[in-house]
Amino acid sequence: MLSSFKQKSEFLLKQKVIRCLLLIWFLFNINSIHAQFPKGQAVETSILRGKIIPHTDETSFEVKETSIGIQVNYQWQTHGQKDWHELQKYPLFGLSFIYFDLGENDVFGSAFGIIPNLMLNFLKHQKKWNGYFHVGSGVAWLPTYYHPIDNPINNAIGSRLNNATLFKWGLTYKPSNQYALTFGGGLMHFSNGGAQLPNFGINIPVLTLGFRYFPNPLHEEDYIQHNTSKKRIEKWKASLAYTMAFREAYIIGGPRYPVYIASAAVNYFLNRKNKASIGLEYEYHPADFRFALHTFNAHSPSEAHRLASRLAISLANEFLFGNWTVRLLAGYYVGDFSLQEPFPVYFKLTSRYYFPPMGKMESKFFTGITLKSHIFRAEYIALGGGIEF
């Protein structure tokens, strides 16, 4: 017992030393990287602090310790190279590397991730202060996960490879063009989207404090003004989409079943920056079909097919960044939709890329990746595409 405690203390001490060395390295090298950075690109280092919140009574762990994370974000500031940069108030794109000490080290351990991200500014008319919304989604490696013998308490994470999604809201204080302080709050989420059970996921509400450095900053005269009107070019469009996911259903270590998702929507362009849509979504879960037959919830294959089907109405808002978009959707199941998902509301975060029209064709094909969740619990990660016409 004493030896185990000593080993754990030494391990935690080594982690703290490594973090301090990385921070010292960054501070000592900040001037040497000045000449190497292209104009308008930056490095932001942030500290994130929070605590894992068990979001369901089915979790088998208790959380007493806090979670501490470090995010190093390489960013590039848009400045009007394309007209939509001005329409979206010159957002920042980034690629961040994150490290999280999740707390309860024997149960959760650490998380390492790479997250492509986007920062949208508002209150931009202020010289030194502005607000921001920061969203990113990528991949994370969690080496400490569920094991029936070695780690049975961790029923939040069932695999090493996971999705990492981060939302942050806050304020930026910019005393000069080179330096900025950011602070705010948000949510850090880790899960594998149901690809491997158990998968209740980890949710960490966080407070953040960051320091951003532009070695070669942009100045006011560098921002290109297109004076492009925000008025929409087109008003109505329709779209059809098909995506597919894979989930491990019901039994830990059991087979993975596909999930088939088809949708149709009517899109209304509010302006050149975003569009709203209303639609129908249909899902078919072969795992529910087998479950219904084997448990006698269904007395015939046709009834099992019905129980394995989900129909929903959806409302969405899609933010437009040229050919690339971010889509936020809320859906509501209609009727007796599922055996295993009693909550009727779900949410989706989708990143889409629209291919340019070919020839005289006005329709656009698109591809995308979608994360679906019921409040805080991810259900699946789906890939697919469709057409807007």
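Quick note: numbers below take in every heavy atom, side chains included, and nothing from hydrogens, waters or symmetry partners. Everything numeric in this text was worked out from a predicted model, so none of it was measured.
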To which residues is [X] joined in a hydrophobic cluster, defined by side-chain heavy-atom contacts under 4.5 Å among Ile, Leu, Val, Met, Phe, Trp and Tyr, whether direct or through other members?
{"X": "Leu320", "value": "Phe269"}
{"X": "Ile114", "value": "Leu95, Phe97"}
{"X": "Phe366", "value": "Tyr354"}
{"X": "Met188", "value": "Leu48, Ile52, Phe61, Val63, Ile98, Phe100, Leu102, Val107, Phe108, Ile115, Leu142, Tyr145, Ile153, Ile157, Leu166, Phe190, Ile202, Ile204, Val206"}

Paired with Thr182, the side-chain hydrogen bond (donor to acceptor under 3.5 Å, both in side chains) test is passed by just one of Arg212, Glu44, Lys174, namely Glu44

For [X], all residues meeting salt bridge (charged side-chain N to carboxylate O under 4.0 Å, His left out), sequence neighbours excluded:
{"X": "Lys364", "answer": "none"}
{"X": "Lys51", "answer": "none"}
{"X": "Glu283", "answer": "Arg310, Lys372"}

Salt bridge check, Glu388 against Lys275: does any charged N sit closer than 4.0 Å to a carboxylate O? yes

side-chain contact (heavy atoms from CB on, under 4.5 Å) partner of Asn274, chosen from Val326, Thr325, Asn317: Asn317

With sequence neighbours excluded, residues passing side chain to side chain contact (heavy atoms under 4.5 Å, CB included) with [X]:
{"X": "Phe167", "value": "Phe133, Val135, Thr165, Trp169, Leu349"}
{"X": "Ile53", "value": "Pro205"}
{"X": "Leu383", "value": "Ile369"}
{"X": "Tyr257", "value": "Ala249, Pro255, Pro286, Ala287, Arg290"}

Contacts of Tyr242 meeting ring-ring contact (aromatic ring centres under 6.0 Å, His included) (sequence neighbours excluded), chain-then-number -> none

